[in-house]
*Asks:* 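Okay, here's the structure, questions in a sec.
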Amino acid sequence: MTADPVRVRFAPSPTGMLHVGGARTALFNWLFARHCGGTFILRIEDTDRARYDARALDDISASLRWLGLQWDEGYEIGGPCGPYVQSERTAIYLQHAQQLLDSGHAYKCYCTPDRLAAAREQQQRDGSAPGYDRACRDLSPDARAAHNAAGAPFVIRFRMPLTGATTFVDAIRGAISYPNAQQDDFVLLKSDGFPTYHLANIVDDHLMRISHVLRGDEWIPSTPKHVQLYAAFGWQPPVFAHLPVILAPGGGKLSKRHGAAAVCEYRALGYLPDALVNFLALLGWAVAADNEIVPRAQMLKEFTLEGINKTGAQFDHEKLNWMNGAYIRQLPLAEFMREVTPFLTNAGVLKGAEDPAQVAQVLQMEQARVHLLSDAPAACAFFFADTLEYDRQAVKKVLQREGVRDHLLAVCDLLAGVPPGQFDAAHLEARLQEYLTRSGRPLKNVVHPLRVAVTGRSASPGIFETLVAIGQARVVQRLTHAAGQLCSAP
RNA sequence: GGCCCGUUCGUCUAGUGGCUAGGACACAUGGUUCUCAUCCAUGAAGCAGGAGUUCAAUUCUCCUACGGGCUGCCA
């Protein structure tokens with residue numbers, strides 16, 4: 001059993017965009033497969049025709065690829081156990097349902113949805129345990145024949161043992177046991193001919209030789225059903241490992257109300273895939289390290305099922321943002337530029353005519369200052385803007401003061417007089433120092449007004465580098481403008 | 001209602017039958033001869049509660065509380 005090759009799968013339903021919870025499940029499967037030298041499979045569970053969404057399919061594939069969780073077998077790429085889309089495997093499920101019918105492990109149920117709904121309502125009123133009342137479990141052969149002759153629609157239900165208990169060992173939680181009397185005669189095949197999750201999942205996991213099932217812990221209560229199904233088929237069940245849930249900040253379900261929930265939204269906000277993967281990996285799993293920025297190679301090396309937590313983990317955006325910033329700072333400049341440029345272009349900050357050297361200069365300074373790529377437009381706009389937007393607070397506090405105008409004009413002359421070949425940080429600093437010595441002013445008193453005048457804000461990268469990146473002509477123009485405004489101001 | 005799972009700083013977590021219960025985010029303070037950011041240092045902050053087992057429990061058992069899941073011809 002331990003000699004069997006490790007084969008795991010991520011098996012999403014295409015009913016919506018891939019959420020971070022699903023991504024984390026995919027990630028753990030991927031990590032486990034890669035750690036063991038096993039196979040990672042992507043299977044599409046699209047048996048719910050009512051909730052099917054074709055766009056979700058594209059999103060799942062694109063999001064997984066963006067995260068770098070490439071699968072070895074499955075959807076879009078095929079493999080020896082295909083097809084990997086359940087709606088293309090209906091004949092297989094039908095055949096297996098028939099097999100259980102023949103062996104007496106299943107039976108046809110002719111109850112109408114209306115009757116079941118009414119029964120459920122009644123049970124709720126009574127306060128009795130909800131569940132199928134097994135009306136069709138022991139139908140006489142005559143009654144069955146009559147239903148069949150009438151062409152009555154039916155579903156196929158599993159004949160659950162009525163006594164005893166079903167026990168299985170979860171790799172993360174240990175032994176878990178359910179009384180069988182608690183279990184329903186659940187549906188295997190719906191009246192539209194499609195299988196339910198339970199049937200399709202077990203048949204596929206077996207046929208695809210899945211060795212370990214890592215899935216969300218909302219599946220724990222279904223696992224005894226699955227164990228009974230394996231037994232009915234006479235198959236060896238895989239190892240089960242139920243992953244803790246990801247909770248919203250403050251607890252509760254993660255949804256759009258708490259910010260982004262879908263992977264594609266994180267992408268659009270300017271998170272790096274490596275950062276999101278690192279963050280998600282640490283939700284429910286920990287590495288032995290005092291540093292939480294863990295390269296993927298190290299995660300692969302150290303990932304084990306035993307290291308996975310039992311407790312649900314809250315999604316902390318603050319920590320993700322910090323981590324994303326850390327990953328951005330780690331990037332070589334060229335790569336950072338490649339990643340961030342689309343954000344600057346889309347926001348209209350870069351129009352394509354900028355000097356590449358100037359852009360590089362600006363981005364080098366801003367790389368340590370942004371947490372998300374989408375922070376970059378607001379952070380960089382003043383370097384490239386034709387007309388500056390001034391922060392009113394900063395203007396009031398820093399510029400509208402006694403003597404500031406004269407200093408601004410003096411510095412403007414000073415900067416205008418710098419030979420173009422010497423408009424660099426070292427020369428600018430030296431020139432300004434000279435001026436300070438002459439005027440007997442502390443550096444602060446000149447730097448702050450200068451910053452507000454040329455950037456419009458009270459915070460920016462180092463002033464000399466900033467002046468250089470803005471460019472001599474623009475600096476002079478902005479200083480002239482600012483001084484002019486102060487002249488006309490009261 | 002029934003069944004099942006869970007509970008270490010605000011958050012993510014490490015950890016052991018005996019330790020000053022460790023790290024990270026966030027927070028606070030200080031430093032990095034211009035702001036902001038980065039970076040560095042320091043600080044505050046935790047074993048849900050109650051019984052038991054034991055020389056000794058955060059660690060083992062039980063109960064309670066709280067949180068979560070399932071209870072569909074959804075997955």
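Each chain gets a letter, A, B and so on, in the order its sequence line appears, and its residues count up from 1. Hydrogens, waters and symmetry mates are skipped; everything else that's a heavy atom, side chains included, is used.
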*Asks:* Would you tabulate the pairs of protein nitrogen or oxygen atoms and nucleotide nitrogen or oxygen atoms of nucleotides 58-60 of chain B closer than 3.5 angstrom?
*Replies:*
none

*Asks:* What contact category does A:Tyr178 fall into here, base, sugar-phosphate, or nothing, at under 4.0 angstrom with non-hydrogen atoms?
*Replies:*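 Sugar-phosphate only.
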*Asks:* Determine the interatomic distance between P on B:rU59 and the same-named atom on B:rA24; round to the nearest Å.
*Replies:*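 Comparing P positions in B:rU59 and B:rA24 gives a spacing of 26 Å.
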*Asks:* Taking any heavy-atom pair under 4.0 Å as a contact, classify A:Val155: base, sugar-phosphate, or nothing.
*Replies:*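 Base, at least one base heavy atom under 4.0 Å.
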*Asks:* Quick check on RNA chain B: between A:His198 and A:Gln123, whose nearest nucleotide comes earlier from the 5' end?
*Replies:*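 Residue closer to the 5' terminus by nearest nucleotide: A:Gln123.
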*Asks:* Tell me whether the OP1 or OP2 atom of B:rC39 has a side-chain N or O from A:Arg329 closer than 4.0 Å.
*Replies:*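 So the side chain of A:Arg329 is within the cut-off, an N or O lying under 4.0 Å from OP1 or OP2 of B:rC39.
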*Asks:* Suppose we screen for salt bridge (Lys or Arg N to Asp or Glu O under 4.0 Å). Which residues come up paired with A:Asp46, at least two apart in sequence or across chains?
*Replies:*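 Here the qualifying residues are A:Arg49.
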*Asks:* Rounded to whole angstrom units, what separation is found between the CZ atom of A:Phe240 and the P atom of B:rG69?
*Replies:*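 In whole Å, B:rG69 P lies 22 Å from A:Phe240 CZ.
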*Asks:* Let me have the donor-acceptor pairs involving side chains of residues 323-330 of chain A, under 3.5 Å, with sequence neighbours excluded, atom names and distances please.
*Replies:*
| unit_1 | atom_1 | unit_2 | atom_2 | d |
| --- | --- | --- | --- | --- |
| A:Asn324 | OD1 | A:Leu272 | N | 2.8 |
| A:Asn324 | ND2 | A:Gly270 | O | 3.2 |
| A:Asn324 | ND2 | A:His371 | O | 2.7 |
| A:Tyr327 | OH | A:Asn278 | OD1 | 2.6 |
| A:Tyr327 | OH | A:Val294 | O | 3.4 |
| A:Arg329 | NE | A:Gly325 | O | 3.4 |

*Asks:* In whole angstrom, what separates A:Gln183's CD from B:rC4's P?
*Replies:*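 Result: 11 Å.
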*Asks:* Output every pair passing ring pair (Phe, Tyr, Trp, His ring centres under 6.0 Å) with a member in residues 434-461 of chain A, not counting sequence neighbours, ordered by first then second residue.
*Replies:*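 As it turns out, the ring pair (Phe, Tyr, Trp, His ring centres under 6.0 Å) pairs with a partner in residues 434-461 of chain A, which skip direct neighbours, are A:His407-A:Tyr435.
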*Asks:* For A:Ala368, answer base if it contacts any base atom (sugar-phosphate contacts may also be present), sugar-phosphate if it contacts only those atoms, and nothing otherwise; contact means non-hydrogen atoms under 4.0 Å.
*Replies:*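 If one applies the 4.0 Å heavy-atom cut-off, A:Ala368 turns out to touch the sugar-phosphate alone, with no base involved.
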*Asks:* Among all residues two or more places apart in sequence or in another chain, which pass the salt bridge (Lys or Arg N to Asp or Glu O under 4.0 Å) test with A:Asp204?
*Replies:*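 Salt bridge (Lys or Arg N to Asp or Glu O under 4.0 Å) list for A:Asp204, sorted by chain: A:Arg43, A:Arg89.
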*Asks:* Please evaluate residues A:Gln298 and A:Glu302 with respect to the criterion side chain to side chain donor-acceptor pair (under 3.5 Å), reporting the C-alpha separation (whole Å), side-chain torsions for both, the decisive distance (0.1 Å), and the verdict.
*Replies:* CA-CA 6 Å; A:Gln298 190 185 346; A:Glu302 298 187 16; 3.1 Å; yes
*Asks:* Relative to the 5' end of RNA chain B, which residue comes earlier, A:Tyr197 or A:Pro130, by the nucleotide with the nearest heavy atom?
*Replies:*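 The residue mapped nearer the 5' terminus is A:Pro130.
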*Asks:* Using the P atom in both, what is the distance from B:rU7 to B:rC47, to the nearest Å?
*Replies:*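 One P to the other, the span is 16 Å.
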*Asks:* Mind checking the P distance from B:rU32 to B:rA37? Whole angstroms is fine.
*Replies:*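 Here B:rU32 and B:rA37 have their P atoms 15 Å from each other.
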*Asks:* Mind checking A:Arg51 for me? I need base, sugar-phosphate or nothing, with any heavy atom below 4.0 Å counting as a touch.
*Replies:*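 Counting heavy atoms under 4.0 Å across all strands, the contact made by A:Arg51 includes a base.
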*Asks:* Could you give the distance separating B:rC60 and B:rG67 at their P atoms, to the nearest angstrom?
*Replies:*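 To the nearest whole Å, 24 Å.
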*Asks:* Less than 4.0 angstrom between a side-chain N/O of A:Arg120 and OP1 or OP2 of B:rC73, yes or no?
*Replies:*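 The answer is yes; a side-chain N or O of A:Arg120 sits under 4.0 Å from OP1 or OP2.
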*Asks:* Contact class for A:Ser191 vs. all strands (heavy atom < 4.0 Å): base, sugar-phosphate, or nothing?
*Replies:*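 Result for A:Ser191 = base.
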*Asks:* Among residues 105-113 of chain A, which contact RNA chain B at a heavy-atom distance under 4.0 Å?
*Replies:*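 Within residues 105-113 of chain A, the residues near RNA chain B are A:Cys111, A:Pro113.
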*Asks:* At what distance, to the nearest 0.5 angstrom, does CG of A:Leu18 lie from CG of A:Leu67?
*Replies:*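 Between A:Leu18 CG and A:Leu67 CG, I get 7.5 Å after rounding to 0.5 Å.
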*Asks:* For A:Met160 and B:rC3, give me the distance from atom CE to atom C1', rounded to whole Å.
*Replies:*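 Checked: the CE to C1' distance equals 13 Å.
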*Asks:* Measuring from A:Leu331:CG to A:Leu363:CG, what's the distance to the nearest 0.5 Å?
*Replies:*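 One finds 11.5 Å between CG of A:Leu331 and CG of A:Leu363.
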*Asks:* How about A:His206 and A:Tyr230: are their ring centres within less than 6.0 Å of each other?
*Replies:*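 Centroid distance A:His206-A:Tyr230: not below 6.0 Å, so no.
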*Asks:* Send over the distance from A:Arg215 CZ to B:rG69 C1', rounded to a whole Å.
*Replies:*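 Rounding to the nearest Å, CZ of A:Arg215 and C1' of B:rG69 are 13 Å apart.
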*Asks:* Could you give the CG-to-C1' distance, from A:Leu116 to B:rG72, as a whole number of Å?
*Replies:*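 These atoms are roughly 9 Å apart.
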*Asks:* Would you tabulate the pairs of protein nitrogen or oxygen atoms and nucleotide nitrogen or oxygen atoms of nucleotides 29-34 of chain B closer than 3.5 angstrom?
*Replies:*
| unit_1 | atom_1 | unit_2 | atom_2 | d |
| --- | --- | --- | --- | --- |
| B:rC34 | O2 | A:Arg451 | NH1 | 3.3 |
| B:rC34 | O2 | A:Arg451 | NH2 | 2.8 |
| B:rC34 | N3 | A:Ile463 | N | 3.3 |

*Asks:* Do you know which two heavy atoms are closest between A:Ala313 and A:Leu283, and how far apart they sit?
*Replies:*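 Answer, listing the atom of A:Ala313 first, then A:Leu283: CB-CG, 3.9 Å.
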*Asks:* Please tabulate, for side-chain N and O atoms in residues 152-164 of chain A, each donor-acceptor pair with protein atoms closer than 3.5 Å (sequence neighbours left out).
*Replies:*
| unit_1 | atom_1 | unit_2 | atom_2 | d |
| --- | --- | --- | --- | --- |
| A:Arg157 | NH1 | A:Asp185 | O | 2.8 |
| A:Arg159 | NE | A:Gly104 | O | 3.0 |
| A:Arg159 | NH1 | A:Arg137 | O | 3.2 |

*Asks:* Please give, in whole Å, the distance from B:rC74 P to A:Phe186 CZ?
*Replies:*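 In whole Å, B:rC74 P lies 14 Å from A:Phe186 CZ.
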*Asks:* Rounded to whole Å, please give me the gap between CD in A:Glu218 and C1' in B:rU71.
*Replies:*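 Atom-to-atom, A:Glu218 to B:rU71, this comes out as 15 Å.
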*Asks:* Counting the atoms with a prime plus P, OP1 and OP2 as sugar-phosphate, which does A:Thr47 contact under 4.0 Å by heavy atoms, base, sugar-phosphate, or nothing?
*Replies:*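 Counting heavy atoms under 4.0 Å across all strands, the contact made by A:Thr47 is with sugar-phosphate only.
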*Asks:* Under a 4.0 Å N-O cut-off, is there an ion pair linking A:Asp133 with A:Arg115?
*Replies:*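 Salt bridge flag = yes for A:Arg115 with A:Asp133.
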*Asks:* Kindly say if A:Lys310 contacts the phosphate of B:rG68, meaning a side-chain N or O under 4.0 Å from OP1 or OP2.
*Replies:*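 A:Lys310 to B:rG68 OP1/OP2: no side-chain N or O under 4.0 Å.
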*Asks:* Which residues pass the ring-ring contact (aromatic ring centres under 6.0 Å, His included) test with A:Trp285, sequence neighbours left out?
*Replies:*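 For A:Trp285 the ring-ring contact (aromatic ring centres under 6.0 Å, His included) partners, ignoring immediate neighbours, are A:Phe303.
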*Asks:* What interatomic distance, in whole Å, is found between P of B:rU35 and the corresponding atom of B:rG30?
*Replies:*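 Straight-line distance between the two P atoms is 13 Å.
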*Asks:* Assign a letter to each nucleotide of nucleotides 8-14 of chain B from its 5' end: B, base within under 4.0 Å of a protein heavy atom; S, sugar-phosphate only; -, no contact.
*Replies:* ---SBSS
*Asks:* Please find the pair of heavy atoms, one from A:Ala175 and one from A:Thr167, that lie closest to each other, and give the distance.
*Replies:*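 Distance-wise, the nearest heavy atoms are CB-CG2, 4.4 Å.
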*Asks:* Could you pull out all donor-acceptor pairs under 3.5 Å where a side-chain atom in residues 213-222 of chain A meets a protein atom, sequence neighbours excluded?
*Replies:*
| unit_1 | atom_1 | unit_2 | atom_2 | d |
| --- | --- | --- | --- | --- |
| A:Arg215 | NH1 | A:Thr223 | OG1 | 3.2 |
| A:Arg215 | NH1 | A:His242 | NE2 | 3.2 |
| A:Arg215 | NH2 | A:Tyr197 | OH | 3.3 |
| A:Arg215 | NH2 | A:His226 | ND1 | 2.9 |

*Asks:* State, to 0.1 Å, how close A:Ala453 and A:Leu479 come at their nearest heavy-atom pair, and which atoms those are.
*Replies:*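 Distance-wise, the nearest heavy atoms are CB-CD2, 3.7 Å.
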*Asks:* Rounded to whole Å, how long is the line connecting atom CZ of A:Phe336 with atom C1' of B:rA37?
*Replies:*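 Spelled out: CZ on A:Phe336 to C1' on B:rA37 is 13 Å.
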*Asks:* Do the side-chain N or O atoms of A:Lys225 get closer than 4.0 angstrom to the phosphate oxygens (OP1, OP2) of B:rC3?
*Replies:*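 So the side-chain polar atoms of A:Lys225 never come under 4.0 Å of the phosphate oxygens OP1 or OP2 of B:rC3.
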*Asks:* Provide the distance between the two C1' atoms, one in B:rG1 and one in B:rA44, to the nearest whole Å.
*Replies:*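 Here B:rG1 and B:rA44 have their C1' atoms 45 Å from each other.
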*Asks:* Sequence neighbours left out, cut at 3.5 Å: what donor-acceptor pairs do the side chains of residues 314-322 of chain A make with other protein atoms?
*Replies:*
| unit_1 | atom_1 | unit_2 | atom_2 | d |
| --- | --- | --- | --- | --- |
| A:Gln314 | OE1 | A:Gly250 | N | 2.7 |
| A:Asp316 | OD1 | A:Glu318 | N | 3.0 |
| A:His317 | NE2 | A:Tyr266 | OH | 3.2 |
| A:Lys319 | NZ | A:Glu292 | OE1 | 2.6 |
| A:Asn321 | OD1 | A:Tyr271 | OH | 2.5 |

*Asks:* Can you tell me how far P in B:rA41 sits from the matching atom in B:rC25, rounded to whole Å?
*Replies:*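 Going atom to atom, P in each nucleotide, I get 11 Å.
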*Asks:* Taking the P atom in each of B:rC63 and B:rA75, what is the distance between them to the nearest angstrom?
*Replies:*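 Pairwise P distance, B:rC63 against B:rA75, rounds to 35 Å.
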